[in-house]
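Encoded as C-alpha cells, the structure appears first; notes follow it.
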Amino acid sequence: MGSIVINASAVELWQTSSADDVQTVIRAVYKQVLGNPHVMESERFVKAESQLGDRSLSVREFVRAIAKSEFYRDRYFTSCAPYRFVELNFMHFLGRPPQSQAEISEHIVRCVTEGYDAEIDSYIDSDEYQTAFGENVVPFSRSNTQAGQSQVTFNRMYALNRGDSQISSAVKSSQLVFEVATNSSSKISAASVDLGGSGEANKKKFKIVVQGSKFDTRRRVSTSTYLVAGDNMTSQIQRINRTSGKIVSITEVV
C-alpha cells in the first residue's frame, strides 16, 4: 500500500506519508474547504501546515483551523447571504447540499445564538463527517459516492459545484433557496454570468416563522411571521430568542 490514497473522490493522509504527500493533502484541503480559491503564499496557514506535517494535527483538525480562519470567515460569512453561507458550509465540510429547509434553519439559528465557531464545529464534529471522512480523509464531493442518492440531491450538488473552474466566493447569493424551501429539484442549466455581490446579499428578504406561547394562558400558542432584510436578520433572531419564541423556519423570499 502506498503512503497516500488518491482516487476520484478521496485524498487520505497516513503516518507514513512523505513531505510531498502532505503537500498534496494541503492543496486538496485548500481546494475543497476554501472553495477553489487562489491562495497566495502570504495567505497560507503556515503554522497549521507545519502541525499537519508533524502529525500534531489530523486532517480533520486542519480543516477546522482553516474553517475558523479570517480567510474563510471574510469570504463566506461576512460577504455572503446567510443562506449562501450555510449551503457552502454543507458543500465544503460535508460534501453535499442541504437536504431540507429544517437543516438550513437549524444552522442559521445556531450561528446567531451560539456563534460562528459553534456553527463550524457542528459540521466537523458531526457523526456524518466522522462516517464519511474520519480523521484523515480530506472532505470531498459525495455526489457520485452515496448509495441510493436521489436525482434531486445530484442536481442540487451540481447547482453548488460546477467543477474545477468555479470559485465559491464568486457567488454571494443562495443557489438553492427556492428548491430547498419547496422541496423541489434544481434545474440543470448553464451557469449564469450574473453572480451577484455582497451588496445584493444584504438586500434580500427573509421570512421568519415563530411559535410562542401567549402570555394570557399557557395553552394558547401563537404563530408570528416576520419579514426581515438580510442585514437585520441577526438582530431579529436575537430579539426572538430573548422572548423565548421558537423559530419554526427561515425562508428567503424569492
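Quick note: numbers below take in every heavy atom, side chains included, and nothing from hydrogens, waters or symmetry partners. Computed from a prediction, not measured in an experiment: that's the story for all the values here.
Contact detail for Ile66 and Ser69: the closest heavy-atom pair is O-OG, 2.6 Å. Shortest non-hydrogen contact noted between Ala118 and Glu114 is CB-CB, 3.6 Å. Here the closest non-hydrogen pair linking Val137 and Ala10 is CG1-CB, 4.1 Å. Here the closest heavy-atom approach between residue Pro139 and residue Gln32 is recorded as O-CG, 3.0 Å. Contact between Asp74 and Thr78 at its shortest, heavy atoms only, is O-CB, 3.8 Å.
With Tyr76 contributing its side chain and Leu34 its backbone, the two residues share a donor-acceptor pair below 3.5 Å. Between the side chain of Arg110 and the backbone N or O of Ser122 there is no donor-acceptor pair closer than 3.5 Å. Judged by distance alone, with hydrogens and angles left aside, the side-chain atoms of Ser17 form no donor-acceptor pair with the main-chain N or O of Leu13 at under 3.5 Å. Under a 3.5 Å cut-off, the side chain of Arg73 and the backbone N or O of Tyr116 do not form any donor-acceptor pair.
One distance of note links NE2 of His107 with CD1 of Ile120; it measures 10.0 Å at 0.5 Å rounding. How far CD of Gln130 is from CG of Asp125: 10.0 Å, rounded to the nearest 0.5 Å. In this structure, Glu106 CD and Ile104 CD1 are separated by 11.0 Å, a value rounded to the nearest 0.5 Å. A distance of 10.5 Å separates CG in Leu57 from CG in Asn136, rounded to the nearest 0.5 Å. Put simply, SG on Cys111 and CD on Glu119 are 5.0 Å apart, with the number rounded to the nearest 0.5 Å. One finds the CD atom of Glu49 at 11.0 Å from the CD atom of Gln51 (value rounded to the nearest 0.5 Å).
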Does the side chain to side chain donor-acceptor pair (under 3.5 Å) test come out yes or no for Asp20 and Ser18, once each step is laid out? CA-CA 5 Å; Asp20 287 342; Ser18 67; 5.1 Å; no
Side chain to side chain contact (heavy atoms under 4.5 Å, CB included), that's the test. Do Arg60 and Ile124 meet it? Break it down for me. CA-CA 7 Å; Arg60 192 212 296 242; Ile124 299 172; 3.5 Å; yes
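Val25 has its side chain within reach of Leu52: a pair of non-hydrogen atoms, C-beta onward, lies under 4.5 Å apart. Side chains of Asp117 and Arg64 form no contact here, defined as non-hydrogen atoms less than 4.5 Å apart. Between Val59 and Glu12 the shortest side-chain heavy-atom distance does not fall below 4.5 Å. Using a 4.5 Å cut-off on side-chain heavy atoms (C-beta onward), Ile208 and Thr225 make no contact.
In this structure, Tyr123 and Phe93 have tilted ring planes: the angle between them lies in the 30° to 60° band. The aromatic rings of His92 and Tyr72 sit perpendicular, their planes meeting at an angle over 60°, well past the 30° parallel limit.
Aromatic pair Phe133/Phe140: centroids less than 6.0 angstrom apart.
Judged purely by distance below 3.5 Å, without hydrogens or angles, the side chains of Tyr30 and Glu43 never pair a donor atom with an acceptor atom.
Under the rule for a ring pair (Phe, Tyr, Trp, His ring centres under 6.0 Å), Tyr226 has no partner lying at least two apart in sequence or in another chain. For Ser126, the side-chain contact (heavy atoms from CB on, under 4.5 Å) partners are Leu94, Glu128, Tyr129, not counting sequence neighbours.
Here Arg96 pairs with Glu103 in a salt bridge; the nearest charged N to carboxylate O distance falls below 4.0 Å.
Dense packing is recorded around CG of Asp54, with more than 12 heavy atoms of other residues, nucleotides or ligands lying under 6.0 Å away.
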